[in-house]
Protein chains: 2
Amino acid sequence: MATTNKYMNIFQELSEEIKNGVFEPNSLLPSEHELCERFNTSRETIRKALTLLSQNGFIQKMQGKGSLVLDISKMTFPVTGLVSFKEIQQSLGRDIQTTVHKLELIEAEDWLSKQLECPEHALTWEVVRARTIQGERVILDKDWLLQTTVPSLTEEICADSIYAYLEGQLGLNISYAKKEITVEPATDEDRALLDLDGYSHIVLVKNFVHLEDTSIFQYTESRHRLDKFKFVDFARRRK
Amino acid sequence: MATTNKYMNIFQELSEEIKNGVFEPNSLLPSEHELCERFNTSRETIRKALTLLSQNGFIQKMQGKGSLVLDISKMTFPVTGLVSFKEIQQSLGRDIQTTVHKLELIEAEDWLSKQLECPEHALTWEVVRARTIQGERVILDKDWLLQTTVPSLTEEICADSIYAYLEGQLGLNISYAKKEITVEPATDEDRALLDLDGYSHIVLVKNFVHLEDTSIFQYTESRHRLDKFKFVDFARRRK
DNA sequence: CAGTGGTCTAGACCACATA
DNA sequence: ATGTGGTCTAGACCACTGT
């Protein structure tokens, strides 16, 4: 669990303590000075950890007063940030299955090479997966990954979590992503592979995933049945 | 324009220069050392400004190499963070009108006092506004604001931007918000006040807005016609 | 007043990239 | 080997909050 970073460790340790109720919601965290002593470190380092806590909705800093612990039980769940389908569902303790409908190496067509910002005809993994939650097929995930960064891919990996494989096994460093959420008419494919229950539209979440060298290596379309879709976002006001 | 903060000023100055093309996309920013000299400041201060640029999608920092300028023209627009309807539309140069359908001081009912985390029967402003974009009424905004924090409210303010009034005139410090995006069946009110064009559902964006003392003072439901809804999110991976 | 967080500094050492 | 960013330090001064 120990990453190399001091402030990252402090952030994780304090966030665990907040989650576990060691620090009560609506109470104050120990002062920065006290935290310096507890973690035997300098104040700027403590402040980096506290900044992370603040950005992730754990605390609210108040000048002259201290750091107030927020009630994270009211937060439903921060889907913000880069979190994969599997991580989210696991965090909710949901019972899910994944059906892999397609796993092929294709040549990128015109539209796809534009999405991936890659040369046309670049070799690309195309993955189509349906997600079953509590007996209903409600999400269709369509992934495209450049073979230059992901040489091989198996059905086992797709049935589990592609993210876990990329970060864990391949050691890829995912750095940021852009998401677009819209509502679109359902396609024949949607109707065939999902239990649409009469809905004529789906929620489409497009996801452009970038590596640390800023190249896009994955483009994902996540197609959700309307009534099963929920997106939660925590955001701080930047002045 | 000059806020009090050194790193905030540097962030704004550099972000302007990136927007204006002074620094080309896919080129490197001057090194932190050079920026220290240019702004006559220490490295940690420069790094705070660069961290802000990174978090807002302007640059990608790469150890050993430098800070790469990202192509913000590909970003559509960061709707992430706390941005009001008016700010977003203005940034897109859209032609919009607002119709105020309701502006009343009411007593919070059961469900509302739960949303606002306030005592039942607390006095609350209820505001209902329809947004017309390019001739079509496509968004219905329903706002509830606690009178304890917003003593008075006029139709003129509502027709313009409530946010601008709250932050500019009242000097309220908005600090963070939680958003929830779902799809819900349209109500009779939706059908009456919007040009729903046959759609049976709307996209519902719930917004819980908190002040710096962490109290909720505003709860908003933004109801969008399906085909006119778009949400864009930029997120960095936190390890 | 004392205690809190907010900003800023000058310098140190490390890890990574490039030539 | 040099230059880049990543982390950490010890201390300074300021602004705000409470008593």
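Order of the sequence lines sets the chain letters (A, B, ...), proteins ahead of strands, with each chain counted from 1.
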Notebook entry, point to check: So does B:Ser31 get a side-chain nitrogen or oxygen closer than 4.0 Å to the phosphate oxygens (OP1/OP2) of D:dT4?
Noted result: yes
Notebook entry, point to check: Considering heavy-atom distances to DNA chain C, does B:Lys48 or B:Arg43 have its closest nucleotide positioned more toward the 5' end?
Noted result: B:Lys48
Margin query: Whole angstroms only, please: what is the CD-C1' distance between A:Glu32 and D:dA15?
Written below: 14 Å
Next item on the list: Return yes if a side-chain donor-acceptor contact under 3.5 Å exists between A:Arg129 and A:Thr98, otherwise no.
Entry: no
Notebook entry, point to check: Has B:Thr41 got a side-chain N or O lying under 4.0 Å from the OP1 or OP2 atom of C:dT9?
Noted result: yes
Next item on the list: Please tell me if the side chains of B:Phe217 and B:Thr148 come closer than 4.5 Å, counting only heavy atoms from C-beta onward.
Entry: no
Checklist line | Nucleotide nearest A:Lys61 when distance is taken to its side chain, options D:dG5, C:dG6, D:dT9 | finding: C:dG6
Note to self: Looking only at the side chain of B:Gln63 (C-beta and beyond, no hydrogens), which of the listed nucleotides C:dT4, D:dC8, C:dC16 gets closest?
What the structure shows: C:dC16
Note to self: Output the rounded distance in Å from CZ (B:Phe39) to C1' (C:dT9).
What the structure shows: 17 Å
Next item on the list: Measure from CD on A:Glu34 to C1' on C:dG5 and round the result to the nearest Å.
Entry: 13 Å
Note to self: Output the rounded distance in Å from CD (A:Glu37) to P (C:dG3).
What the structure shows: 13 Å
Next item on the list: May I ask you to evaluate whether B:Ser42 reaches the phosphate of C:dG11, defined as a side-chain N or O under 4.0 Å from OP1 or OP2?
Entry: no
Next item on the list: Verify the neighbour count for atom CG of A:Asn40: are there more than 12 heavy atoms of other residues, nucleotides or ligands below 6.0 Å?
Entry: no
Check: Which nucleotide in the list C:dC8, C:dT18, D:dG5 gets nearest to the side chain of B:Lys65?
Finding: C:dT18
Next item on the list: Figure out the CD1/P separation between A:Ile46 and C:dT4, and round it to whole Å.
Entry: 14 Å
Note to self: From C-beta outward on B:Tyr7, which listed nucleotide comes closest to its side chain: C:dG5, C:dT7, C:dT9?
What the structure shows: C:dT7
Notebook entry, point to check: Is there a donor in the side chain of A:Glu34 and an acceptor in the side chain of A:Ser31, or the other way round, less than 3.5 Å apart?
Noted result: yes
Item checked: A:Arg47 side-chain N/O to C:dG6 phosphate OP1/OP2 under 4.0 Å -> yes
Notebook entry, point to check: For A:Leu211 and B:Gln60, which heavy atoms make the closest approach, and how far apart are they?
Noted result: O-NE2, 4.5 Å
Margin query: Under 4.0 Å from OP1 or OP2 of C:dT9: is there any side-chain N or O of B:Thr45 that close?
Written below: yes
Notebook entry, point to check: Tell me: CG of B:Leu50 to P of D:dT4, nearest whole Å?
Noted result: 13 Å
Margin query: Please report the distance, rounded to the nearest Å, between CG in A:Leu52 and C1' in D:dG6.
Written below: 14 Å
Item checked: Length of the CG-P vector between B:Leu68 and C:dA17, whole Å -> 14 Å
